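Sequence lines set the chain letters: A, B, ... in the order given, protein chains first and strands last, and positions in each chain run from 1. Everything numeric in this text was worked out from a predicted model, so none of it was measured.
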2 protein chains.
Amino acid sequence: MTALPAREPLTRSTEDYLKAIYRLSSGGAPVSTNDIAGLLGLAPASVSGMIKRLSEQGLLEHMPYRGVSLTPDGRRVALRMLRRHRLIEAYLVAFLGHTWDTVHDEAERLEHAVSDDLVERMAHALGNPRVDPHGDPIPAPDGTIAEFIHVPLAEIAAGESVTIGRVDARDDGRLRYLAQHGLVPGARIAVVDREPFGGPLTLDVAGQRKIVGPELAALILCERGGG
Amino acid sequence: MTALPAREPLTRSTEDYLKAIYRLSSGGAPVSTNDIAGLLGLAPASVSGMIKRLSEQGLLEHMPYRGVSLTPDGRRVALRMLRRHRLIEAYLVAFLGHTWDTVHDEAERLEHAVSDDLVERMAHALGNPRVDPHGDPIPAPDGTIAEFIHVPLAEIAAGESVTIGRVDARDDGRLRYLAQHGLVPGARIAVVDREPFGGPLTLDVAGQRKIVGPELAALILCERGGG
DNA sequence: CTAGAGATTTAGGATACACTAAATTTCAGA
DNA sequence: TCTGAAATTTAGTGTATCCTAAATCTCTAG
Ligand SMILES: [Mn+2]
Ligand SMILES: [Mn+2]
Ligand SMILES: [Mn+2]
Ligand SMILES: [Mn+2]
């Protein structure tokens with residue numbers, strides 16, 4: 001299997017650092033100390049210290065003053081945490097009445113406490129979903145993760161119809177607003193009209209007219225294709 | 001309400017200490033450092049150190065060299081953890097296919113990570129149960145806890161019929177064995193015969209004859225009454 | 001009434017992880 | 001090429017929690 005070599009159990013901090021670094025690695029470039037500190041809400045000096053420890057554990061590659069990247073082991077941990085986080089979110093929404101704007105904080109803590117066994121039981125109860133409530137792909141147990149090709153709603157031309165695939169908002173307020181207006185993953189929407197120069201879009205969402213500004217339109221990621 | 005005064009969030013260690021001390025307090029007498037160390041698997045010196053900190057936080061009353069007892073605040077924390085622990089056990093058994101011999105470790109970690117909101121959602125999904133899968137009473141949100149009067153099976157006379165109320169086994173092996181033989185909370189059983197001087201008991205469990213030694217018979221706690 | 005044995009606390013040390021303040025390095029722009 | 005702002009690391013602290021070894025206290029058995 002892809003089992004990690006026997007090592008000390010990772011701490012909550014360690015797991016959150018690796019998850020953050022994974023997220024910041026999307027571009028492929030090394031991740032900066034400052035960006036990690038920003039995402040985790042820590043002082044840059046604290047991040048430098050942790051980077052040293054994680055490198056010694058073989059979870060990160062560190063080029064001093066240049067940035068870090070995940071080793072295969074580090075990446076494995078990050079994807080495992082992502083699987084946990086997203087499955088927990090999906091489970092809480094499906095079975096315990098949470099909504100997509102409230103699940104994140106709960107999952108952020110539970111992801112460190114659940115056993116592999118419990119995660120897989122939740123996955124099974126959910127029917128092994130491929131995405132979480134925000135449309136983010138759920139890594140497979142072996143660390144495989146799907147790459148969806150999404151286009152921001154902001155770039156869709158008037159007249160086009162699309163399906164919402166993912167919503168990139170992080171805060172409760174925006175998430176609640178979007179849900180209220182039916183702008184959730186899976187929704188079919190049509191761009192009826194759009195004003196130029198960053199102006200608002202007029203949408204057809206389930207037969208209703210909705211106006212959406214450019215800020216939100218950048219966060220709503222769509223799948224082209226289908227009519 | 002019974003809200004605690006605003007204080008730092010408690011750590012996992014703190015919560016586990018208070019829960020352990022609550023359990024050891026059943027007799028009413030002060031709890032010894034050694035007993036706490038034994039239950040938590042720590043060196044007695046470590047417990048002395050933690051006792052000092054918890055006393056300073058107003059969670060324990062410490063009489064040096066004599067033992068500790070919970071303050072009202074400490075007791076409140078302990079009961080809150082017990083509610084969490086037992087509801088989590090009940091939830092995992094009811095909805096995620098766990099069995100009563102596997103839930104303890106999972107609950108021991110999750111109890112520190114769930115929010116009050118999630119705990120109450122689980123309670124609601126379960127129909128606000130009064131006991132956990134082992135028959136242990138679940139404290140109410142306000143800290144009330146039912147006191148059941150149970151008699152060890154070892155003390156039931158031949159010819160009597162009883163209902164199992166609680167099973168005091170802690171280890172997987174015994175729990176699995178008991179479940180296999182139908183000796184779980186709620187089961188109606190009759191003591192058909194018993195050998196003297198700590199000899200085995202012959203039981204009728206759902207029409208089947210079962211022989212149980214004195215060790216297990218001491219752990220099976222029964223409700224008298226009914227016939 | 002007193003010597004231990006046993007329980008408990010204290011002393012000293014380690015690890016993990018956070019912080020602030022002070023170096024140090026990088027790199028863009030003059 | 002040089003310089004200074006920004007980024008990063010290092011130095012020095014502090015808290016929480018654990019450990020082992022050494023004191024200290026308690027209480028029972030003789
Ligand atoms: Mn987390
Ligand atoms: Mn999500
Ligand atoms: Mn616990
Ligand atoms: Mn239990």
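Of the candidates C:dC17, D:dT9, C:dA18, the closest approach to any side-chain atom of A:Thr11 belongs to C:dC17. Ranking C:dC17, D:dA21, C:dA21 by closeness to the A:Ala45 side chain, first place goes to C:dA21.
Residues A:Glu108 and A:Lys19 are paired through a salt bridge, judged by an N-O separation under 4.0 Å between the basic side chain and the carboxylate. Using a cutoff of 4.0 Å between basic side-chain nitrogens and carboxylate oxygens, A:Asp105 and A:Arg109 are not scored as salt-bridged.
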### Task
Begin from the C-alpha positions of B:Ile211 and B:Leu201 and carry the test side-chain contact (heavy atoms from CB on, under 4.5 Å) through to its verdict.
CA-CA 6 Å; B:Ile211 310 283; B:Leu201 285 75; over 6 Å; no

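Sequence order on DNA chain C of the closest nucleotides to A:Tyr17 and B:Gly49 puts B:Gly49 first from the 5' end.
Listed in residue order, the members of residues 64-71 of chain A having a heavy atom less than 4.0 Å from DNA chain C are A:Tyr65, A:Arg66. Taken residue by residue, residues 20-42 of chain B places heavy atoms nearer than 4.0 Å to DNA chain C at B:Ser32, B:Thr33, B:Asn34.
Ring planes of B:Trp100 and B:His134: parallel class, angle under 30° (limits at 30 and 60°).
In this entry the distance linking CG of B:Asp16 with C1' of D:dT17 reads 13 Å, nearest Å. To the nearest angstrom, P of D:dT9 lies 14 Å from CZ of A:Arg53.
For the residue pair B:Thr144 and B:Asp142, a side-chain donor N or O sits within less than 3.5 Å of a side-chain acceptor on the partner.
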